[in-house]
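For this chain, numbers begin at 1 and follow the sequence in order.
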Amino acid sequence: MSDAAQPTAAEVRAAADAVKTALDRHLQAVERRTGDDDAAVYDAFNALAAAAEVYDELLYDRYDEVTPFEIPAAEDSLPPYAGPEEPHAVSVLIRRDYAVAEAQRLAELDPDGQDGEAAAAGAGVHAALGVVFGEYEADEIASRHAEFGLEEGDSTLWVSAADELPEPGEWLAAPFDEADPALVVCRFDASAVFDEDDDLDGDPDGVVPQRS
């Protein structure tokens, strides 16, 4: 970073003061908490995380130094759980992203013992994707994505609590409209952004569970 773009010493000091204030407020919220999912504690945690992130960035930009601790960013946290204490049903919501890295390989897939390339010719990747995801289970595609010419992106799995199982066909028209983070019992995220931390922690999968 150029000298002109560097934060001033006063800005770094102000950010440090903001962390101290946020730390005091977080402790006060914890001392006054009314339960495991107290909203005031959640808000104070997010404020502390945001203040610490700003301080850490300014400290590095100004002095090329880092803090000896790491506070998870607010966006990595779930809101206080607001679901039933004893769920009678759960919904498992999964998102997996893939890039089409090798369109030719995708088009040449031959799940039915026929000429996959000829079948997909003229219809392109769109038809080939339909064949692959129609023929193979989603978990199998996740484990064999490279064989299908796909490159893995981010993924997440949410286990969401419910009082009762929905009626058959009730949500099929809009299956993800009612996804509520406050009802999530636990979630598991995988992303390349976790790779560096995973190397340090000895976790090769990059899976980050939350609210277990």
Side-chain angles (χ1 to χ4, degrees), residues 7 10-60 65-97 154-167 170-198 200-203 205-212:
E11 289 174 326
V12 179
R13 173 61 62 182
D17 290 339
V19 172
K20 296 172 187 176
T21 299
L23 190 61
D24 286 339
R25 290 176 178 171
H26 180 261
L27 178 57
Q28 291 173 1
V30 170
E31 291 173 336
R32 299 169 182 170
R33 73 186 313 158
T34 57
D36 290 341
D37 297 319
D38 192 302
V41 174
Y42 171 75
D43 292 340
F45 172 87
N46 284 344
L48 176 57
E53 183 177 5
V54 171
Y55 172 62
D56 192 75
E57 290 178 356
L58 293 179
L59 184 71
Y60 182 80
E65 278 291 342
V66 295
T67 56
F69 53 85
E70 182 178 353
I71 298 177
E75 61 268 23
D76 291 335
S77 302
L78 290 169
Y81 178 68
E85 291 186 8
E86 297 184 5
H88 293 98
V90 295
S91 295
V92 180
L93 309 177
I94 301 175
R95 172 173 173 168
R96 296 187 178 118
D97 289 351
D154 289 354
S155 67
T156 189
L157 182 152
W158 292 17
V159 179
S160 182
D163 282 317
E164 58 185 20
L165 200 65
E167 293 294 326
E170 182 177 333
W171 50 255
L172 290 179
F176 305 111
D177 280 5
E178 296 183 8
D180 185 350
L183 299 180
V184 173
V185 177
C186 58
R187 63 178 287 182
F188 300 88
D189 301 328
S191 173
V193 300
F194 302 137
D195 287 351
E196 183 176 347
D197 292 338
D198 297 333
L200 295 174
D201 297 337
D203 177 5
D205 297 326
V207 177
V208 177
Q210 297 191 32
R211 188 189 284 152
S212 55

Trainee: State, with a plain yes or no, whether a side-chain heavy atom of Tyr60 is found less than 4.5 Å away from one of Asp56.
Mentor: no
Trainee: If you round to the nearest 0.5 Å, how far is CG of Leu58 from CD of Glu53?
Mentor: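 Answer for the CD-CG pair, Glu53 versus Leu58, is 10.5 Å.
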Trainee: Evaluate side-chain contact (heavy atoms from CB on, under 4.5 Å) for Val66 paired with Leu59, printing each intermediate quantity in order.
Mentor: CA-CA 7 Å; Val66 295; Leu59 184 71; 5.8 Å; no
Trainee: Which pair of non-hydrogen atoms, one from Ala51 and one from Ala18, has the smallest distance, and what is that distance?
Mentor: CB-O, 4.1 Å
Trainee: Cut-off 3.5 Å, no hydrogens considered: what does the side-chain donor-acceptor table look like for residues 24-34, sequence neighbours left out?
Mentor:
unit_1	atom_1	unit_2	atom_2	d
Arg33	NE	Gly35	O	3.3
Arg33	NH2	Asp36	O	3.3
Thr34	OG1	Asp38	OD2	2.9

Trainee: Check Ala192 against Asp154 and note the closest heavy-atom contact, atom names and distance.
Mentor: N-OD1, 3.9 Å
Trainee: If you look at every heavy atom in Pro175 and Ala173, which pair is closest and at what distance?
Mentor: CD-C, 3.8 Å
Trainee: If you compare all heavy atoms of Glu11 against all heavy atoms of Pro7, which two are closest, and at what distance to 0.1 Å?
Mentor: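 Minimum heavy-atom separation between Glu11 and Pro7: OE1-CA, 3.1 Å.
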Trainee: Could you list the donor-acceptor pairs under 3.5 angstrom formed between side-chain atoms of residues 155-167 and any protein atom two or more places apart in sequence or on another chain?
Mentor:
unit_1	atom_1	unit_2	atom_2	d
Thr156	OG1	Trp158	NE1	3.2
Thr156	OG1	Asp189	OD1	2.4

Trainee: Locate the shortest heavy-atom distance separating Pro84 from Tyr81; write the atom from each residue and the value.
Mentor: O-OH, 2.8 Å
Trainee: To check you understand the geometry: which heavy-atom pair defines the closest contact between Val19 and Leu48, and what is its length?
Mentor: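 Taking Val19 first and Leu48 second, the nearest heavy atoms are O-CD1, 4.0 Å.
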Trainee: State the OH-CG distance between Tyr55 and Asp17, to the nearest 0.5 angstrom.
Mentor: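 Rounded to the nearest 0.5 Å, the OH-CG separation comes to 10.0 Å.
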